Amino acid sequence: MVRVLVVEDDETIGGLLRTGLRSHGYEVLWHRTAKETLRDARSDVFDLVLLDLGLPDLDGVEVCRQLRQLQPGAVIVMLTARDEEMDVVVGLEAGADDYLTKPIRLTELRARLRAHLRRVAPVETAVAPTHTLGALRVDTGSRTVALDGHPIELRAREFDLLARLAAEPGVAISRTALMADVWGQSWFGQTKTLDVHVAALRRKLGEATLSAGGSQPVPEIVTLRGHGFRFEVGEPAAGTAP
Ligand code: CA
């Protein structure tokens, strides 16, 4: 049974989420404060956390950051009010996988959760290819990434996104296709999630490039305005080519 932790201080929303998810077979634990949440997160394991960003006792983004450390395997979905747009970006950077804007519609929530949980479940594939692009090596079997042999630490969804891009270097991939492939077919809207993950990948690739200092070209994620992204392997840096 899928274990869901609902963190929501609003009695109406929390009650709705608990009833709605239980009726669809989820095991639900509901907490109203950050204190209770973090206490349980230290001793218990959850598949999924629905986290209200506006909690009475601690900033939601800070709760998210601590939850990510305590529950590395859980999918964290933030529940946010419309005036918390900035918090969403910070929350995604702090470790959340996705967000939903209130008012929460149960049909949308369940569709999104199904998509997320499919990603979490181990997938048996006959072929787990390795993509080598210049200095970058993406191994989808071991889910590891290395630049010039130096490992790069990625979060689960960052890895999925990089692997998707690396599977088709030089090809323009639309935002819709990326979202469907990485976050699931029933995932829609919420484009900020994709942008924050692309930004994180660029930052991590950039940092790894600086510290690796090799002569092989390093691929980069090129933005295609109004369409999506393309993964490109550039030329070797001037003066370092053989
Ligand atoms: Ca609240």
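Note that the coordinates shown come from a computational prediction; the quantities given were computed from them, not determined experimentally. First listed ligand is number 1; within each ligand, the first listed atom is number 1.
- Note on V2: it clusters hydrophobically with L106, by side-chain heavy-atom contacts below 4.5 Å among ILVMFWY residues.
- In this structure, the separation between CG on L113 and CD on E108 is 10.0 Å, given to the nearest 0.5 Å.
- Hydrophobic clustering keeps L100 apart from I76 (ILVMFWY residues linked when any side-chain heavy atoms are closer than 4.5 Å, directly or through intermediates).
- Side-chain contact between V222 and F229 is absent, with no heavy atoms from C-beta onward closer than 4.5 Å.
- Taking 4.5 Å as the limit, every side-chain heavy atom of E220 sits out of range of all side-chain heavy atoms of F231.
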- Task: For T140 and R164, run side chain to side chain donor-acceptor pair (under 3.5 Å): C-alpha distance rounded to whole Å, both residues' side-chain angles, the deciding distance at 0.1 Å, then the answer.
- Result: CA-CA 10 Å; T140 60; R164 176 65 185 85; over 6 Å; no
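- Within a radius of less than 3.0 Å around the Ca ion (ligand 1), the protein N, O or S atoms are D9 OD1, D52 OD2, G54 O.
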